[in-house]
Novice: 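Let me give you the structure first, and then I'll get to my questions.
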Amino acid sequence: MEHAHATAQALSLSLSVSYLRYIPLFPLLGVLFNIFLGHRLGRKAVNIVSPGMVFLSFLVSLHAFWNLPEGGRLVDTMWLWISSGTLHVDFALQVDQLSAMMILVVTGVGFLIHVYSTGYMAHDHDVARYFAYLNLFTASMLLLVLGENLLLLFVGWEGVGLCSYLLIGFWYTDDEKASAGKKAFIVNRVGDAGFLLGLFLLFWTLGESNVWTLSFSTIQQHIAAVPAEVATVICLLLFVGAAGKSAQIPLYVWLPDAMAGPTPVSALIHAATMVTAGIYMIARLNFLYALSPTALSVVATVGAATAFFAATIGLVQTDIKKVLAYSTVSQLGYMFLALGVGAYTAGVFHLMTHAFFKALLFLGAGSVIHGMSDEQDITKMGGLKSKMPVTFWTFFIACLAIAGVPGLSGFFSKDLILEEAYASPLGSPMLWLVGTIGAGMTAFYMFRLLFVTFFGENRASHEVQHHIHESPASMTVPLAILAVLSIVGGYFPLLHFLSPLFGEHHEPHVAPLIKYLPTVVGLGGIALAYVMYVLNPAIADNMARGLSAFHKLLFNKYYIDEIYDAVIVRPIVGMSNWLWKVWDAIVIDGTVNGAAHTMEANGSLLRLWQNGNVQNYALSFLIGAMAILGYYLW
Amino acid sequence: MIKLPPVNWLSLLPAIIPAFTGILVLCWDLGMKNEERHRLAWLGILGLAITAVVSFCLLGRNEPAFNGSYTLDSYAMFFNLIFCLAGILTFLMSIQYLHTSDIHAGEYYALILFAIVGMVVMAAATDLVNIFLGLETMSIAVYVLAGIWRQRLQSNEAALKYFLLGAFASGFLLYGIALLYGATGSIQLGKIAMHVNEHGASTILLIGVAMLIVGFGFKVAAAPFHVWTPDVYEGAPTTITAFMAVGVKAAAFAAFARVFLHTLGGIHGQWEGILWVLAVLTMTVGNITALVQNNVKRMLAYSSIAHAGYLLVAMVAGKELGGAALMYYLVAYGLMNLGAFGVIIAVGRRGEPNEEFADFAGLGFRYPLLALAMTVFMLSLTGIPPLVGFVGKFYIFSAAVKAGYLWLAVIGVLNSVISAYYYIRVIVSMYMHEGDKVPEKLSARPALAVAILIAAVGTIWLGVFPSASMALSRLSFLALG
Amino acid sequence: MAPISYHLILSGILFTIGVMGVLLRRNTIIIFMAIELMLNAVNLSFVALARHLGSMDGQLIVLFVMAVAAAEAAVGLAIILMVFRNKETINADELKLMRW
Amino acid sequence: MDLLTFFMLAVPLVLFAAVVILHPSPVYSAMSLVVVMSFLALYFFFLDAHMLGWFQIIVYAGSIMVLFLFVIMLLNLQNDPQEHQQPSLRTASRIGGAVLIAELVFLFSRSSSSEKAAAELPEGFGTVVALSEKLFTDFLIPFEITSILLLIAAVGAVVLAKR
């Protein structure tokens, strides 16, 4: 009831403004600038204009945020886009509470990433093109979240997909390029097909009751006209699209490939743009998903499964960016888990906090890679703590945040998700349990990454060691700002702020065990990582006395390693190998490439038809004529 | 003494202007030096521009002429604009293309103009004889144009294949006309429509409809009558391929849609099933076969088959929305396709056509603007918003959805998903592979650059601001009555 | 008077013979002649229908079909001549430069 | 046209049409086509299309076929021992042709049950006067288009066939 009330209120208050258009327009101008003038005006101009454009749209976003009416929205209708008969689609942008949060994150984090890039790409020869992509990425994402209708959302949707494809293909060497690009592209197109089919089905279903519209507010007004079983199909189709963009099982495979791009781009993809599109879309269409508990439970299950499996894969990766990539997949799983149990607020909350600390993690990783002369393998790092202090401390804060250490942003959002997973009418103890184990693994692998990278002895070659240096200010300042955001992000009153859309937030009532266990498990994971990667070699005795539960297991290095190997590593390596190699390589690659092969085989078969002989063509005519006449005969 | 009927000159004007321009071109050509012959193209462009302006001014006038065998309506005028667009862009591209070939300019330009006369007649014809004669006028001119590069074996072969199959298909079309005449007692579309609405469909009429579908199916390249398309498109001079892919197809659809959506609209149920199957077959065959092509020109030929499939979806959807979507999509398709062929011409050089995918490698680094234009065309053909191809596809599929053909829209969406694969391959080649092919500087070929620019700007502009042209296409289709 | 369906069937048979000629012969001139046969079969339909309906339209159409046939013959034979000059053959199955 | 006349014309038409597409010699094919066209002219006479019958002889059998024969002679085409197509295509086209004939015959004969009697002929049906009156009134546009068509044919033939 409350929800419905809030909805009505949101619709009643739409303020018409005309400045929202500048939010995506500025980055778009940046794209044009970079394409046409970038090379001529040189690196300095590019370095100023590209982040500057994003900063301008950040300012406009702030303005929109301050002027957002209580419980209402801002609408900027630019022109009538598509118009025919009864169908009208406006080229219109809107800012409501959800969009306001999204644009602030996209432009804010995006701006920091742009600034960081000026330092990171200082030695690249084609910086204009790089910033053109980065600006285009930002502009598309802004269009996606600002769009007032599904079609405009789709414009941004395709835009970010296209950008990711350009970047993936652009940075690969020729050999890998073909298959990686192909994979990313096909996966994204599968998702897009799902999205479009869902869109048309929704369009048609509403049309049955004579409402031909794609505008979110109008759809919401007439949502009652959609029967529940049709809603399920629409929601599932749209979820296929969301899973493609937001890298959920089984469509997550493209995301690790996107690691091939420069690290700041990864940060942009993982934190602020692209992967959050699916979450945003489902949150935006919450009124539609509310019609179908079946679809929601699919979303929740897929989310929980992805959160868990991606975490297991993260445990064994040694490439610093791959660890972060799988961690993104896993965290997105949490967000879908939240959406699936109807806790939209919690999901969006986690989206925001994740944006801060994941951007920070990637930029920190970039700083490490930068300092380590483009080395990405963590087994060849170590001991960077003293050599790159700013990077270390900010990275440390990010790890604390993602591990869910109390007081930091990640703690609040993840905790809320898990509580909702347990307590919500759509939730279940199973979802909570899977999520909690995943949280433990997250803490473990993040700190494993931290310890192996920054602690102990440096294992790199002397030449690389010699060059290790802290990054320039253009890179460390964004790191520091993001670190602050990662700490305080949890204290923003987002839950209340979003209430006009998702209803007033109520703290779920759960038993203390349920409430605190995830945090304990998370801390346990950190402790385990600490023990295994820092303490273990030197102070095994102390451990044995201090940690009674583990003392036997950790008594002796060999013994620990054996246990680690037998209990944790082997099953998990086995599982993740199975998941990663078998599932990923055979099932996903197999079906994707198989589909491509089938297509090509069919294409070759059809080519036989085209054998060049004009008389075979005439025969084809004859067969066609016969068939049509046969149709009438019949 | 026979009393001549009153002549409605106004209705004939869009046909007379290109015809006279063509004759002027032929005459002027006689006393001209070879290096001056580009002036003929400018004369042709002038003629077509005047035709376009006249057609545009005549939009909104809907009056029958010559006892109802010819008409002056917005529908025809809208198509005239498409023909003029196709013709003007073809001329602009030809100025350079003729330098790289051995084609004699005079007859070449004149024949394009005469073909446009045929198209204009087809779009305005409201009786079956005029449709047939318009179609033959256009076709015979295009048969010659396909083979006009006499020294090139592919061009020879393309002309022969196109001619034989075209004449073969004309036989079917004519048979259909005969049976329609036999079944209804008239060759005028208006009277046939009245007869059909009153009496429904007799067996003879249905055989006639079947034969008409074969004949028109050939011209619009609908499967299984599409088989000639790749060979002819590949073999014909590239400018002519572009002209065929856009102009000829638009003209064929003009007559096809007028006859089926208007005249035979009363027996919609009798033919929509067939066109449904043809649409699905056409989209699928076109897209899947395009996947395995290595020649960009040939890939575009298959892609044009696939696009004929989308256009057939609009035909099946029918009614006001489907018809308007058909007309809008023809404009969209025309712009992006002409542009794509323009880029192919730009990449080619004398003696080396450079039409393979590999020949596009590295274009993005050396000719960023040319590659950017090609990217725009490919993305638009894929249906990436907010380019015109997306808006057109959305228009067609929503028309299909609205008319209740949900599955047709689903198949169409899936098909356009597949199509992305081969369009993006061009972009991949341009930006992600190293190549050593160095085309002539585009800045040295201003007319071609202008043609590509017009197409690119149109592709973007009509995608972002489509509503005016959509309204125009809708009003023009409604003029069909 | 023979019923109109007799004429139509005869025309259908002649038309089909023409179609089969297009498919069976590899000499493009003969293929072209088979196409002329198809057109003539259609002309027969037109004339018979004109007689049946008592309207002159059908006969007029035949007149135009003849004009079209003449134009097609001129262009078609020119194309065949051109192909023969360049390739020394006019057999349909030897003209397969472009395929697949 | 009574039934007897019909069959007396139909049988040779079909037979000579078959010769056109079956005889290995291009010249014989062309000559048979001339015969078919002449029979067709007769057929036109019996269907009250007098003027058209003459046109058929003059334009078709006369000019167009002479053009064909001329080209056949020019190319010096001999009988080709392999004149017929590869077996698969041959079989397919025979089956296809048979099916098409069967379908057309079946559909046309089905329609004959609801057939109306032939209309009364107006005065002067099929004469040159009636033909030309129609040509310059109702068919004025097609007449004009034909002029462009023939111009194209002339230009095209010259472009393609000149050395």
Novice: Please state whether the side chain, the backbone, both or neither of A/Trp212 comes within less than 4.5 Å of a heavy atom of chain B.
Specialist: side chain

Novice: Measure A/Leu152 against the heavy atoms of chain B and call it side chain, backbone, both or neither at under 4.5 Å.
Specialist: neither

Novice: Considering only heavy atoms, which portion of B/Leu165 lies under 4.5 Å from any heavy atom of chain A: side chain, backbone, both, or neither?
Specialist: both

Novice: Out of B/Phe390, B/Phe172, B/Phe394, B/Tyr328, which one racks up the most heavy-atom pairs below 4.5 Å with chain A?
Specialist: B/Phe394

Novice: Which atom names give the shortest non-hydrogen contact between A/Trp204 and B/Val401, and what distance separates them?
Specialist: CD1-O, 2.9 Å

Novice: Measure distances from A/Phe621 to the heavy atoms of chain B and classify the residue's part below 4.5 Å as side chain, backbone, both or neither.
Specialist: both

Novice: Compare all side-chain heavy atoms of B/Val227 with those of A/Asn616 and state whether any distance is below 4.5 angstrom.
Specialist: no

Novice: Assert yes or no for the condition that the ring centre distance of A/Tyr617 to B/Phe168 is strictly below 6.0 Å.
Specialist: no

Novice: Using heavy-atom distances under 4.5 Å, tell me whether B/Val413 contacts chain A through its side chain, its backbone, both, or neither.
Specialist: side chain

Novice: Given heavy-atom pairs under 4.5 angstrom as the criterion, report whether the side chain, backbone, both or neither of A/Leu214 touches chain B.
Specialist: side chain

Novice: Any idea which of B/Pro386, B/Ala324, B/Ser398 has the most non-hydrogen atom pairs under 4.5 angstrom with chain A?
Specialist: B/Ser398

Novice: Against chain A, work out which of B/Leu164, B/Leu414, B/Val214, B/Leu406 has the most heavy-atom pairs shorter than 4.5 Å and name it.
Specialist: B/Leu406

Novice: Heavy-atom distance under 4.5 Å to chain A: side chain of B/Leu369, backbone, both or neither?
Specialist: side chain

Novice: Indicate yes or no for a side-chain donor-acceptor contact from A/Ser83 to the backbone of B/Ser467 under 3.5 Å, with no hydrogens or angles considered.
Specialist: no

Novice: Please answer whether the main-chain N or O of B/Gly463 pairs with a side-chain N or O of A/Trp81 as donor and acceptor at a distance below 3.5 Å.
Specialist: yes

Novice: Check whether any side-chain N or O of A/Trp79 sits under 3.5 Å from a backbone N or O of B/Val464 as a donor-acceptor pair, and report yes or no.
Specialist: yes

Novice: Between chain B and each of A/Leu629, A/Leu196, A/Val89, count heavy-atom pairs under 4.5 Å; write down the option with the most.
Specialist: A/Leu629

Novice: Let's test your reading of the structure: which of B/Glu157, B/Met470, B/Lys402 forms the most heavy-atom pairs below 4.5 Å with chain A?
Specialist: B/Lys402

Novice: For each of A/Val155, A/Leu201, A/Leu162, tally heavy-atom pairs with chain B at distances under 4.5 Å, and name the one with the top tally.
Specialist: A/Val155

Novice: Rounded to the nearest 0.5 Å, what separates atom CD1 in A/Ile623 from atom CZ in B/Phe225?
Specialist: 10.0 Å

Novice: For A/Tyr632 and B/Gln270, indicate whether the former's side chain and the latter's backbone hold a donor-acceptor pair under 3.5 Å.
Specialist: yes

Novice: Mind checking what makes salt bridge (Lys or Arg N to Asp or Glu O under 4.0 Å) contact with A/Lys245, not counting sequence neighbours?
Specialist: A/Asp192

Novice: Given a strict heavy-atom distance threshold of 4.5 Å, which part of B/Ile213 is in contact with chain A: side chain, backbone, both, or neither?
Specialist: side chain

Novice: For A/Leu199, is it the side chain, the backbone, both or neither that has a heavy atom under 4.5 Å from a heavy atom of chain B?
Specialist: side chain

Novice: With only heavy atoms counted, which part of A/Phe200 is less than 4.5 Å from chain B, the side chain, the backbone, both or neither?
Specialist: both

Novice: Let me know if B/Leu160 has heavy atoms under 4.5 Å from chain A in its side chain, its backbone, both or neither.
Specialist: neither

